Peer 1: 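Can you read through this structure? Questions will come right after.
All of these numbers come straight from a predicted model, not from anything done at the bench. Numbering starts at 1 and runs along the sequence shown.
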Amino acid sequence: MDSLFARESGEVENAFLAAPFEADGWNAALRLFARRTGSSRAQLLGLGDDATLFNFMPDIDPAYQREFVEIEGWRPEVNWRVAASGRPLEILSETHYDVARQHSGTDDYEEHIRRWDGVHGCQTVLVEGEGLLVGLAALRSERDGRTGQRDRKLFAAGATYALAAVRMQQAMAQRGAAMTVGAFDAIDVAAFLVDRHGAVAALSAAAEAIVGDGPGGALRLRRGRLGAARRDADTALQAALTRALNGEAMQQHWIGSPQEGEDGLLCELFRLPRREWDFGLDPRVLVVARRAADIPAMRIVPLRAALGLTEAEAEIALRLANGEAREEIAAGRGTSTQTLGTQIKSILRKSDVAREAELTALVNRLLR
């Protein structure tokens, strides 16, 4: 029996430690873990501050995930497994569930776990802290019955290997962020990688220079979060970051400087694609910031060609499209608002539009 246990434990160890490096590694590890613990399924669950970040169960029907979200299965008052959550690497099983059921759980959740063969089993917390909880569970149906001592012993051994694999996945995500900003360093571009909380996970050297410019700079880092120096600009930037975190693919925003006449920044926000195995650790949004003076001529050239604008008119059209106020444009160009108004009328006439809103839509279509 001891030699069989050692062999099966070794198989689980190898599977989990290979999981971060193989295309289907996590599925393979969880399938093997379920078989070796005599369970119908194994589950790796990540919970954030107020929602499920990931819920990995190999070969599960997509209806399971939808149903879990619909019943708000991450909430401890709904899910007695969550309510029973113990200390990291403390193994909880049916005796703990029996206690948790007395003060937690809903009829919807009971029906849910019976439908998906999760009435019995055992679980543990792998990672806890910084708004993230990662748990591992072995789920057993009524037919499988309650766990035995050997099942729980093998589960405990497997949990230590799963923890090592999760930490490796986390390190790889951090390494990926560092490599990404390294690429922007090579071309001297100010880039910020923002995580799921809206905090800056990594930034390029050029980005550090922008937020370290002193009182005249347009951007700030406050408690690890990216913001604008001016209150109105910061409100708009935070709203844009929220939209990006919620799935908006690409946005452009002009952030003016609080010092009259100083250059502002064009900020471009890109929603990053999520990987198949996303543990909630990868950056979610890329923010690229460019000073107005550094905006590449390639943005000006297509506007001049398409609309017949002068170079000055094309620059003004671009700034209007990026949300900069007339006063800021005039100050940045060292001209009066009256002169700027005359130039805008010329731009509208050449572009065959009647209003600035129509011009903004036209410019954004041309530069998409």
Peer 1: Who passes side chain to side chain contact (heavy atoms under 4.5 Å, CB included) against Pro58, sequence neighbours left out?
Peer 2: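 Only Asn27, Leu30, Arg31 meet the side chain to side chain contact (heavy atoms under 4.5 Å, CB included) criterion with Pro58.
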
Peer 1: Taking all non-hydrogen atoms of both residues into account, name the closest pair between Leu17 and Ala165 and its distance.
Peer 2: CD2-N, 4.5 Å

Peer 1: What do the steps show when you test Gln170 against Arg167 for side chain to side chain donor-acceptor pair (under 3.5 Å), and what is the final call?
Peer 2: CA-CA 5 Å; Gln170 185 175 29; Arg167 290 299 190 194; 3.0 Å; yes

Peer 1: Classify the ring geometry of Tyr97 against Trp80: parallel below 30°, tilted from 30° to 60°, perpendicular beyond 60°.
Peer 2: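 Correct class here is tilted.
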
Peer 1: Does the pair Glu358/Arg355 count as a salt bridge with the N-to-O cut at 4.0 Å?
Peer 2: yes

Peer 1: One pair to check against salt bridge (charged side-chain N to carboxylate O under 4.0 Å, His left out): Glu313 and Lys350. What are the steps and the verdict?
Peer 2: CA-CA 10 Å; Glu313 289 171 338; Lys350 290 180 180 181; 2.8 Å; yes

Peer 1: Is Asp151 paired with Arg140 through a side-chain N to carboxylate O contact shorter than 4.0 Å?
Peer 2: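 Looking at Arg140 and Asp151, the cut-off is met.
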
Peer 1: Are Arg225 and Asp234 ion-paired here, with the side-chain N under 4.0 Å from a carboxylate O?
Peer 2: no

Peer 1: Using side-chain hydrogen bond (donor to acceptor under 3.5 Å, both in side chains) as the criterion, list what pairs up with Arg35, not counting sequence neighbours.
Peer 2: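 Partners of Arg35 under the side-chain hydrogen bond (donor to acceptor under 3.5 Å, both in side chains) test: none.
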
Peer 1: Look at the rings of Phe68 and His112 and say which category their plane angle falls in: under 30° parallel, 30 to 60° tilted, over 60° perpendicular.
Peer 2: tilted

Peer 1: Centre of Phe5's six-membered ring, under 6.0 Å away, within 45 degrees of the axis: is that where NZ or CZ of Arg150 sits?
Peer 2: no

Peer 1: Using a distance-only test with no angle check, is there a side-chain donor-acceptor pair under 3.5 angstrom linking Thr124 and Glu90?
Peer 2: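 Glu90 and Thr124 do not have a side-chain donor-acceptor pair below 3.5 Å.
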
